[in-house]
Amino acid sequence: MQINTISLVIYAALIVLSAYNLRLAWRLSKLQTSALLRRPKDILPDESARLQAINQDKKKWKILGRVFFWVALLVAFVGEMEELAFFLSLYSICNIVVLRGNIATLNILVAK
């Protein structure tokens, strides 16, 4: 078995993205446990608009992430390992964007 440079880059990207994904998930869980959230009536209208925009963006990325996950699952049965790693990398990117949106949402809702 011979590994070419493109495969090596894909595997390295998957490792780095997975580590960053875990780091963001850890950060989000720490924020959730330590944050004191404001009541809904204390949220300003401009913050509410930002929250809606973030939620719409997160929905799009979640759907795209699900598509990449199912493609990766299909590739796991009929494709090669490099293709699987590529689609898992794309899935990790989608998860990172969603986690960053969750962190941004939590930062808006934290009591000041």
Side-chain angles (χ1 to χ4, degrees):
M1 184 170 117
Q2 187 176 2
I3 297 179
N4 57 17
T5 56
I6 294 175
S7 299
L8 191 61
V9 169
I10 290 172
Y11 292 136
L14 180 60
I15 291 169
V16 169
L17 289 170
S18 297
Y20 185 62
N21 195 1
L22 288 172
R23 184 175 156 246
L24 281 179
W26 178 259
R27 183 173 158 204
L28 178 63
S29 68
K30 284 175 52 178
L31 279 173
Q32 286 175 337
T33 57
S34 66
L36 185 62
L37 301 179
R38 294 186 283 170
R39 293 178 288 181
K41 67 178 184 176
D42 295 337
I43 297 172
L44 301 174
D46 64 327
E47 291 174 334
S48 178
R50 283 185 19 217
L51 286 172
Q52 287 177 350
I54 290 171
N55 281 336
Q56 287 177 347
D57 194 39
K58 284 188 334 186
K59 284 180 186 177
K60 293 175 189 174
W61 283 98
K62 281 182 186 180
I63 292 170
L64 186 61
R66 287 182 188 144
V67 168
F68 287 139
F69 174 78
W70 287 108
V71 170
L73 191 62
L74 178 67
V75 167
F77 291 112
V78 296
E80 297 180 9
M81 287 299 291
E82 290 86 8
E83 295 168 344
L84 176 63
F86 176 73
F87 284 107
L88 286 177
S89 296
L90 293 177
Y91 173 70
S92 293
I93 290 170
C94 292
N95 279 341
I96 287 169
V97 172
V98 170
L99 282 172
R100 290 179 65 98
N102 288 340
I103 290 171
T105 298
L106 206 63
N107 285 334
I108 292 172
L109 294 176
V110 169
K112 298 174 183 178

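Residue numbers run from 1 in the order of the sequence given.
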Could you check N102 against I54 for side chain to side chain contact (heavy atoms under 4.5 Å, CB included), going step by step and ending with a plain yes or no?
CA-CA 8 Å; N102 288 340; I54 290 171; over 6 Å; no

Can you name the closest pair of heavy atoms from I10 and E82 and give their distance?
CG2-O, 3.9 Å

Does the side chain of N4 come under 3.5 Å of the side chain of S7 through a donor N or O and an acceptor N or O?
yes

Sorted by chain and residue number, the salt bridge (charged side-chain N to carboxylate O under 4.0 Å, His left out) partners of D57 (sequence neighbours excluded) come out as none

Heavy-atom count around K62 NZ within 6.0 Å, excluding the residue itself: above 12?
no

Check L84 against A72 and note the closest heavy-atom contact, atom names and distance.
CD1-O, 3.2 Å

Value rounded to 0.5 Å, distance of CD1 in I108 from CG in L51
4.5 Å

Ignoring hydrogens, what is the shortest heavy-atom contact between A25 and L99? Give both atom names and the distance.
N-CD1, 3.8 Å

To the closest 0.5 Å, what do you measure between SG (C94) and CG (L64)?
4.0 Å

Please say yes or no: joined through hydrophobic side-chain contacts below 4.5 Å, possibly via intermediate residues, are L88 and L74 part of one cluster?
yes

State yes or no: do V78 and L90 share one hydrophobic cluster built from I, L, V, M, F, W and Y residues joined by side-chain heavy-atom distances below 4.5 Å, directly or via other members?
yes

Heavy-atom neighbours of I6 CD1 exceed 12 at 6.0 Å:
no

Rounded to the nearest 0.5 Å, the CG atom of N107 sits from the CZ atom of R50 at a distance of 9.5 Å

Please report, to 0.1 Å, the donor-acceptor pairs under 3.5 Å made by any side chain of residues 12-24, with sequence neighbours excluded.
{"residue": "S18", "atom": "OG", "partner": "L14", "partner atom": "O", "Å": "2.8"}
{"residue": "Y20", "atom": "OH", "partner": "R100", "partner atom": "NH1", "Å": "2.8"}

Can you measure from CG (L109) to CG (D42) and round to the nearest 0.5 angstrom?
11.0 Å

I63: side chain to side chain contact (heavy atoms under 4.5 Å, CB included) partners, not counting sequence neighbours:
none

List in chain and number order the residues that pass ring-ring contact (aromatic ring centres under 6.0 Å, His included) with F86, two or more places apart in sequence or in another chain; answer none if no residue qualifies.
none

Smallest heavy-atom separation, T105 atom then K58 atom, equals OG1-NZ, 4.1 Å

With sequence neighbours excluded, what pairs up with L8 under the side chain to side chain contact (heavy atoms under 4.5 Å, CB included) test?
I3

Nearest heavy-atom neighbours spanning E80 and V75
O-CG1, 3.9 Å

Hey, could you give me each pair passing ring pair (Phe, Tyr, Trp, His ring centres under 6.0 Å) that has a residue in residues 46-73? Not counting sequence neighbours.
F69-Y91

